[in-house]
Amino acid sequence: MILVTGGAGFIGSHTCVALSAAGYDVLIADNFSNSSPERVDGISEITGKSIHCVRADVCDRGAMEELFSRYPVDGVIHFAGFKAVGESVAKPLEYYRNNIDSALTLCGVMSERGVRKLIFSSSATVYRADNPMPLDENALLGCTNPYGWSKLMIEQILRDLALSDPGWSIALLRYFNPIGAHESGIIGEDPSGIPNNLFPFVSRVASGEIRKLHVFGSDYPTPDGTGVRDYIHVMDLAEGHVRALGYISSFSGVEAFNLGTGKGTSVLELVRAFEKASGRPVPYVLDDRRPGDIAVCYANTGKAEEKLQWKARYGIGEMCRDGWNWEMRRRKG
Ligand code: WQD
């Protein structure tokens, strides 16, 4: 049985679908602070299987000990955590406490129970902004916000844990920009309030929920002056976790992997792709740069291709097609 903490979240729920399709028995632990139990129903609807789910805060040691005593957990994928960059700058103590405490609590209980196979949801945000592109796993590490630092600190904690006990098998998966939705449109990205990230914002402009997109910066050293990112279909990302689970079953130590497509897409290229996929206009204004943003970020995916036998399959067109399909179902409620 694979425990998926934060399994009702955007990436967690899509990963549960992929795990189930690969034949794994899945258990979700989620406190629903940034998700809803309906998302778990959606996973069951897609997979046709009932998904075990426990409402629990990973920081709650008693709850985690109870969970590990009730279920035969063989391995863990740890998604649970706060993830908004801007919010982390405003609330650093909350971010460090929640993200690091949940990792420490989880690893402490895993260690006690002799469960030492772990996949950690990390992020490309752990890479310094001045690295040459494309980014490989040996690029220089360093962050500009508490969210990123919390991810990098947890990576370090896991490296030290594995040094102390060679029984640990750990994969650190560094996500680039996950977007889109499962092709059924039953689950997808559903940020509360005004989305911070580009893709859900564009989706809601196309649906008419938001009047127009503000493009943050049109004077970057990129082909059209707007920011370039490595957008990856969330189901490709989910499959990367299935492959990583297979990899750590016969590996001991800690290994980091980039999960991206290796391709960069600008803001305006994404807007055009979304207009094409949705058949809707996405009105925008060119605005000032967003503080902290970098011009270009995309992955070298060679290591995951070689060691995980994994490569992203979907392009921007499918990401926009599936994202729009989800957006239309979301609006119907
Ligand atoms: C993408 C591009 C913006 C909104 C963040 C986190 C990262 C990861 C993914 C967790 C940039 C531009 C955006 C808007 C815009 N999250 N933009 N108008 O900042 O690359 O990465 O999400 O792991 O850690 O930092 O993603 O979607 O916010 O921005 O022009 O309204 O879209 O300037 O060029 P980002 P994003």
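Indexing begins at 1, ligand by ligand and atom by atom, following the structure's order.
- The 12-atom threshold is exceeded at CZ of Arg313, counting heavy atoms of other residues, nucleotides or ligands nearer than 6.0 Å.
- Counting heavy atoms from C-beta outward, Leu259 and His241 have side chains that approach closer than 4.5 Å.
- Looking only at heavy atoms of the protein, atom 8 (C) of ligand 1 is closest to Phe176 O, 4.3 Å.
- Hydrophobic clustering (side-chain heavy atoms under 4.5 Å, transitive across Ile, Leu, Val, Met, Phe, Trp, Tyr) groups Ile248 together with Phe257.
- Only one option out of Asp287, Val271, Val285 pairs with Leu213 in a side chain to side chain contact (heavy atoms under 4.5 Å, CB included); it is Val271.
- Those atoms of ligand 1 that come under 4.0 Å of a heavy atom in Ser123, given as number and element, are 23 (O), 24 (O).
- Using a 4.0 angstrom heavy-atom cutoff, Lys83 does not count as in contact with ligand 1.
- In terms of protein heavy atoms, atom 5 (C) of ligand 1 is closest to Asn197 ND2, 3.6 Å.
- Set against the non-hydrogen atoms of Tyr147, the atoms of ligand 1 under 4.0 Å away are 10 (C), 23 (O), 24 (O).
- Using a 3.5 Å distance cut-off with no hydrogens or angles, the side chains of Tyr247 and Gln309 do not pair a donor with an acceptor.
- Counting atoms of ligand 1 from 1 in the listed order, those under 4.0 Å from a heavy atom of Asn196 are 4 (C), 28 (O).
- Residue Gly227 approaches ligand 1 through these ligand atoms, each under 4.0 Å from one of its heavy atoms: 34 (O).
- The nearest protein atom to atom 27 (O) of ligand 1, hydrogens excluded, is given as Leu198 N, 2.8 Å; this is a heavy-atom distance.
- Residue Phe216 places at least one N or O, backbone or side chain, under 3.5 Å from an N or O of ligand 1.
- For Tyr175 and Ser121, the side-chain atoms include at least one donor-acceptor pair closer than 3.5 Å.
- Within ligand 1, the atoms closer than 4.0 Å to a non-hydrogen atom of Val215 are 30 (O), numbered from 1 in the order shown.
- Salt-bridge annotation for Glu155 and Lys151: absent, with no side-chain N of the basic residue lying under 4.0 Å from a carboxylate O of the acidic one.
- Each of the following atoms of ligand 1 lies closer than 4.0 Å to a heavy atom of Val267: 12 (C), 32 (O), 34 (O).
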